[in-house]
Amino acid sequence: MERLSGRVAVVTGGGSGIGLASVLRLASEGARVVVADVDEDAGKRAADECGGTFVRCDVTSESDVEALFAAAHETYGSVDVAFNNAGISPPDDDSILVTGLDAWRRVQEVNLTSVFLCCKAAIPYMQRQGKGSIINTASFVAVMGAATSQISYSASKGGVLAMSRELGVQFAREGIRVNALCPGPVNTPLLQELFATDPERAARRLVHVPLGRFAEPEEIAAAVAFLASDDSSFMTASTFLVDGGISGAYVTPE
């Protein structure tokens, strides 16, 4: 399928994990992709692999984010899709009782403020075009609570979800769709790092997934491609869960 032929997609955090899988999927469907990442080596590799363009971007910097979307428009002539995906989940983000203010603020900056900045930068281009699709990476933790908390991560993803809903409503009549993608646990470097540092904590998560496994990044990328394309043309302000059933489960089948 080439559902995105002629369209320009900007992907933050495009050098690894869900971002990398999405870069490759969007390119395979015909999009011209701008890969943004703070890791220059990973970002350049991803851009080379998809035949796109790499822009180094610290998503917590307003000037970097503005330059990113300007570069996309200058290089390819439009900004049709913004997949605002960059995020972190550091080990010092834990229970509210032990998480320090610095850790709280760092996660909020990368996971929530960056999405604010990216939406703010992308929307004017889409307004001029009269169309566009924004996909913001939230999480299943935005719709349910966890006893083993990552307090700032959970709060940041709840913020992404609420902001996406509001923007989806605000700009719907201008042809701009904004949806929150809410993955369940995904087999990415972030999760692998959690397994390495605290395998017992990570394993406890798996037991609650009705499908009995973590998602692969390519499965989330398929949802990104759907939300980017006209196949989702009547969807905006949605909470798009791709979570293996975890948010719908009361008890998990044995």
Side-chain angles (χ1 to χ4, degrees), residues 1-14 18-19 22-23 25-26 29-34 36 59 62 65-66 68-73 76-87 108 111-144 155-184 220-243 247-248:
M1 292 186 294
E2 287 221 343
R3 295 180 292 183
L4 302 172
S5 181
R7 300 188 192 182
V8 178
V10 178
V11 179
T12 65
I18 293 170
S22 298
V23 162
R25 178 61 184 260
L26 295 172
E29 296 216 18
R32 291 167 291 179
V33 181
V34 178
V59 291
E62 185 170 18
V65 169
E66 289 173 350
L68 165 65
F69 286 94
H73 189 268
Y76 296 119
S78 65
V79 176
D80 303 293
V81 177
F83 180 32
N84 303 321
N85 166 71
Q108 293 297 315
N111 290 7
L112 179 56
T113 302
S114 73
V115 175
F116 165 81
L117 292 174
C118 287
C119 289
K120 188 174 185 178
I123 286 171
Y125 293 103
M126 296 178 176
Q127 285 178 309
R128 291 197 289 272
Q129 298 164 190
K131 62 176 182 174
S133 174
I134 296 175
I135 305 147
N136 296 326
T137 300
S139 170
F140 75 102
V141 302
V143 300
M144 46 188 314
S156 71
K157 294 303 185 179
V160 170
L161 179 59
M163 179 165 55
S164 302
R165 188 165 51 228
E166 182 157 313
L167 294 176
V169 171
Q170 182 179 357
F171 294 100
R173 297 294 175 96
E174 297 184 61
I176 301 168
R177 300 185 297 110
V178 186
N179 292 291
L181 176 67
C182 297
I220 308 303
V224 174
F226 168 70
L227 291 172
S229 78
D230 290 341
D231 282 350
S232 60
S233 57
F234 200 59
M235 287 183 64
T236 196
S238 76
T239 304
F240 197 75
L241 283 154
V242 187
D243 67 352
S247 62

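Residues Met163 and Val115 have side chains in contact (heavy-atom distance under 4.5 Å, counting atoms from C-beta outward). Taking the side chain as every heavy atom from C-beta outward, Thr12 and Leu68 approach each other to under 4.5 Å. In this structure, the side chains of Leu181 and Val242 come closer than 4.5 Å at one or more pairs of heavy atoms. Taking 4.5 Å as the limit, some side-chain heavy atom of Pro183 sits within range of a side-chain heavy atom of Ile18.
Ser139 contributes a side-chain N or O that, together with a main-chain N or O of Val141, makes up a donor-acceptor pair within less than 3.5 Å. The backbone N or O of Val8 sits less than 3.5 Å from a side-chain atom of Asp80, completing a donor-acceptor pair. Of the possible polar contacts, none joining the Arg177 side chain to the Gly168 backbone as a donor-acceptor pair under 3.5 Å is found. At least one donor-acceptor pair closer than 3.5 Å links the side chain of Lys157 to the backbone N or O of Thr137. With Asn179 contributing its side chain and Met235 its backbone, the two residues share a donor-acceptor pair below 3.5 Å. The backbone N or O of Ile220 lies less than 3.5 Å from no partner atom in the side chain of Ser22, so there is not a single donor-acceptor pair.
Between atom SG of residue Cys182 and atom CG of residue Asn136 there is a gap of 10.0 Å, rounded to the nearest 0.5 Å. Put simply, OG1 on Thr236 and CZ on Arg165 are 12.0 Å apart, with the number rounded to the nearest 0.5 Å. The CD1 atom of Ile134 sits 13.0 Å away from atom CZ of Phe83, with the distance rounded to the nearest 0.5 Å. The structure places SG of Cys119 at 11.0 Å from CD of Gln170, a figure rounded to the nearest 0.5 Å. Here CG of Asp243 is found 8.0 Å from CE of Met144. Values are rounded to the nearest 0.5 Å. Here the OG-CG distance, from Ser133 to Leu4, works out to 9.0 Å after rounding to the nearest 0.5 Å.
Nearest heavy-atom pair, Asn111 versus Gly87, reported as atom, atom and distance to 0.1 Å: OD1-CA, 3.1 Å. Here the shortest heavy-atom pairing between Val23 and Gly14 reads CG2-O, 3.8 Å. When all heavy atoms of Tyr125 and Arg128 are compared, the closest pair comes out as CD2-NH2, 3.1 Å. In this structure, Ala122 and Phe69 approach most closely via the heavy-atom pair CB-CE2, 3.6 Å. Taking all atoms of both residues into account, the shortest heavy-atom contact from Gly184 to Phe140 is CA-CD2, 3.4 Å. Listed here is the closest heavy atom pair of Arg25 and Ala221: CG-O, 3.8 Å.
A search for side-chain contact (heavy atoms from CB on, under 4.5 Å) contacts involving Leu117 returns Glu62, Val65, Thr113, not counting sequence neighbours. With sequence neighbours left out, Ser229 forms a side chain to side chain donor-acceptor pair (under 3.5 Å) with no residue at all.
Among residues at least two apart or in separate chains, salt bridge (charged side-chain N to carboxylate O under 4.0 Å, His left out) pairs with a member in residues 224-233 are Arg3-Asp231, Arg7-Asp230.
Few gaps surround CD on Gln127; more than 12 heavy atoms of other groups in view lie less than 6.0 Å from it.
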